[in-house]
Amino acid sequence: KQEVTQIPAALSVPEGENLVLNCSFTDSAIYNLQWFRQDPGKGLTSLLLIQSSQREQTSGRLNASLDKSSGRSTLYIAASQPGDSATYLCAVRWGRRALTFGSGTRLQVQP
Amino acid sequence: GAGVSQSPRYKVAKRGQDVALRCDPISGHVSLFWYQQALGQGPEFLTYFQNEAQLDKSGLPSDRFFAERPEGSVSTLKIQRTQQEDSAVYLCASSRPDRGHYGYTFGSGTRLTVV
């Protein structure tokens, strides 16, 4: 069964820390992997999209890596800020067109 | 439009009532998806359209759930005889032509509460 797991489920850090969110998936034959941010009561905002042929993508303070062979992706957030507080969701696309999501990591950055 | 638009934002339904949720995808996006997100969980796939064709409805939890996209743009998710377990946020997403190279854009969702 194709599944996506995110660890940790929740994370609280002081402002300014660098942090890593983890995502693992069970089948390495992916099309792509996408990281989303979700604020309370809101929809999903796409952060980074990594194609299966890519190893990483960067946008500002965010860097996402992909290691298909080990079934892992990490989202690195540099110099965290209180505005980064949200739930971060990892989603994988396999052969079917739909995305399969993890349960998310709830991040709280303390000022 | 500039983004994916969903309406209503909030819906309270009495148990047994029928509801209809609307999704307006980004203009030109041929792929459209519906997801259900329970509290504290990631979104779960419900159904997928390419233009007006419903190509995958394997995620619909029961025959009370029905989705359509008659003209290949706006889509409606209908839930008949709502039950309390239907309470969730319903998210719509759209994507450009399906070549696996594009990401998905999500709407803000409709929060359905069945009382």
Side-chain angles (χ1 to χ4, degrees), chain A residues 1-10 21-25 29-54 57 59 62 64 66 68 73 86-107, chain B residues 3-7 9-10 21 23-26 29-51 53-60 67 88-113:
Chain A
K1 183 181 177 184
Q2 293 167 331
E3 294 181 335
V4 179
T5 303
Q6 291 187 247
I7 295 173
L21 307 181
N22 295 295
C23 172
S24 61
F25 46 93
I30 70 172
Y31 271 12
N32 56 43
L33 182 147
Q34 199 164 355
W35 283 93
F36 292 89
R37 169 186 173 139
Q38 187 172 33
D39 293 281
K42 305 286 187 181
L44 279 64
T45 301
S46 178
L47 298 174
L48 291 164
L49 170 67
I50 311 178
Q51 301 298 339
S52 61
S53 58
Q54 297 175 324
Q57 283 287 330
S59 176
L62 304 179
L66 174 64
K68 284 195 305 179
S73 175
T87 295
Y88 291 81
L89 291 158
C90 170
V92 174
R93 177 178 168 170
W94 280 286
R96 63 184 295 187
R97 295 168 182 85
L99 295 173
T100 300
F101 283 84
S103 295
T105 295
R106 293 184 303 282
L107 173 65
Chain B
V4 177
S5 178
Q6 292 188 245
S7 61
R9 285 284 285 123
Y10 304 93
L21 313 180
C23 172
D24 251 299
I26 293 174
H29 279 199
V30 302
S31 299
L32 185 146
F33 302 81
W34 283 98
Y35 286 82
Q36 180 190 58
Q37 186 176 23
L39 189 64
Q41 299 297 315
E44 297 272 349
F45 169 75
L46 293 176
T47 187
Y48 160 69
F49 290 85
Q50 186 167 317
N51 295 306
Q54 189 175 20
L55 300 186
D56 187 347
K57 55 182 180 179
S58 62
L60 296 176
V89 175
Y90 291 85
L91 294 165
C92 176
S94 69
S95 173
R96 285 191 282 175
D98 179 32
R99 300 192 185 98
H101 299 300
Y102 302 109
Y104 299 81
T105 303
F106 280 80
S108 297
T110 294
R111 182 177 296 277
L112 173 66
T113 303

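Just the heavy atoms: all of them, side chains too, but no hydrogens, waters or symmetry mates, feed the values below. From a predicted model like this one, the values you see are computed outputs, not experimental measurements. Numbers restart at 1 for each chain; the letters A, B, ... are given by sequence-line order, proteins then strands.
Among all heavy-atom pairs drawn from B/Tyr104 and A/Phe36, the shortest one is O-CE2, 3.8 Å.
Using a 4.5 Å cut-off on side-chain heavy atoms (C-beta onward), B/Glu44 and A/Phe101 make no contact. The closest side-chain heavy-atom distance from A/Leu44 to B/Pro43 is below 4.5 Å.
Proximity to chain B is limited to the side chain of A/Gln38, based on heavy atoms less than 4.5 angstrom apart. Residue B/Gln6 does not touch chain A at all, counting heavy-atom pairs closer than 4.5 Å.
Of the possible donor and acceptor atoms, one in the side chain of B/Tyr35 sits under 3.5 Å from a partner among the backbone N and O of A/Leu99.
Heavy-atom pairs under 4.5 Å with chain A were tallied for B/Ser108, B/Gly109, B/Cys92, B/Gly107; the largest tally goes to B/Ser108.
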